[in-house]
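What follows is one structure encoded as structure tokens, with my remarks underneath.
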Amino acid sequence: MENEKRYSQMNEEELKKEIALMKEKARKAEQMGMVNEFAVYERKAVMAKSYLLNPDDFKPGKIYAIEGDPGAYFKIDYMNGVFAWGYRLGGSGKEEALPISLLK
């Protein structure tokens, strides 16, 4: 592993390059039928995208649609960095954390 920076240490340009790279790797993995690798790269792109957003724009008590999950909604209980903690409406009621880039 070369000297990798954490997403929290990257600037906007570096994050955008990382997102593009992860999306490209995900596309190639998908073409090759490598489902696990595809999921890993997709998740990394989602995480990197979260660092381009302002966590202060996401408010506890508010309800957001979940990206890529039509009809699913998430109510935020509290924020911790780029993660929104709460639960899915109509879900199991179990608390979970979602990267803020998945909320719209």
Side-chain angles (χ1 to χ4, degrees):
M1 232 203 249
E2 68 270 3
N3 190 9
E4 287 186 32
K5 269 183 160 178
R6 299 172 66 129
Y7 293 151
S8 60
Q9 297 168 322
M10 291 183 183
N11 64 34
E12 185 177 343
E13 186 181 328
E14 290 170 320
L15 285 165
K16 286 180 176 175
K17 281 182 184 167
E18 179 72 5
I19 292 164
L21 177 66
M22 290 303 120
K23 289 207 169 288
E24 178 61 20
K25 285 183 172 187
R27 189 184 64 75
K28 286 180 178 168
E30 187 177 38
Q31 285 175 339
M32 296 173 71
M34 296 167 22
V35 179
N36 292 341
E37 285 85 349
F38 171 78
V40 167
Y41 294 129
E42 280 282 294
R43 185 154 315 199
K44 284 184 174 189
V46 163
M47 281 307 304
K49 222 183 275 184
S50 293
Y51 283 94
L52 290 173
L53 302 172
N54 182 353
D56 294 336
D57 293 340
F58 297 85
K59 304 292 182 201
K62 292 239 190 258
I63 296 170
Y64 297 85
I66 301 174
E67 186 79 44
D69 195 352
Y73 295 91
F74 188 80
K75 184 173 183 185
I76 298 176
D77 285 337
Y78 65 96
M79 297 295 299
N80 186 352
V82 296
F83 285 94
W85 286 83
Y87 57 92
R88 292 171 193 256
L89 299 185
S92 66
K94 282 204 335 218
E95 184 180 60
E96 63 178 304
L98 291 181
I100 56 177
S101 64
L102 289 180
L103 303 179
K104 53 183 183 176

Distance, nearest 0.5 Å, that separates [atom1] of [X] from [atom2] of [Y]:
| X | Y | atom1 | atom2 | result |
| --- | --- | --- | --- | --- |
| Ile76 | Trp85 | CD1 | CH2 | 13.0 Å |
| Ile66 | Lys104 | CD1 | NZ | 10.0 Å |
| Met22 | Glu42 | CE | CD | 11.0 Å |
| Met79 | Asp57 | CE | CG | 9.0 Å |
| Ile19 | Met10 | CD1 | CE | 9.5 Å |
| Glu18 | Leu15 | CD | CG | 8.0 Å |

Crowded around [X] [atom1]? As in, over 12 foreign heavy atoms under 6.0 Å?
| X | atom1 | value |
| --- | --- | --- |
| Lys59 | NZ | yes |
| Arg43 | CZ | no |
| Gln31 | CD | yes |

Any heavy-atom pair between the side chains of [Y] and [X] that's under 4.5 Å?
| X | Y | value |
| --- | --- | --- |
| Arg88 | Glu96 | yes |
| Lys25 | Glu30 | no |
| Lys5 | Glu14 | yes |
| Tyr7 | Lys44 | yes |
| Phe74 | Leu103 | yes |
| Phe83 | Ile100 | no |
| Val82 | Pro99 | no |
| Glu95 | Tyr87 | no |

Spell out, yes or no, whether Leu98 and Tyr78 are grouped together once hydrophobic residues are joined by side-chain heavy atoms under 4.5 Å, including indirect joins.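 In one cluster: yes.
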Transitively linked via ILVMFWY side-chain contacts under 4.5 Å: Ile63 with Leu53? no
Would you name the heavy atoms of [X] and [Y] that are closest together and state the gap between them?
| X | Y | value |
| --- | --- | --- |
| Ala45 | Lys23 | CB-CG, 4.2 Å |
| Ala26 | Phe38 | O-CD1, 3.1 Å |
| Asn54 | Asp56 | OD1-N, 2.8 Å |

Decide, yes or no, whether a salt bridge links Glu13 with Lys16 under the criterion of side-chain N to carboxylate O below 4.0 Å.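 No, no charged N to carboxylate O under 4.0 Å.
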Examine Phe58 together with Tyr64 and report whether their ring centres are nearer than 6.0 Å.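 Yes, ring centres under 6.0 Å apart.
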List the residues meeting side chain to side chain donor-acceptor pair (under 3.5 Å) with Gln9, not counting sequence neighbours, and say none if there are none. none
Determine whether a donor-acceptor pair (N or O, by modelled atom type, separation under 3.5 Å) exists between the side chain of Ser101 and the backbone of Val46.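 Judged by distance alone, yes, a pair lies under 3.5 Å.
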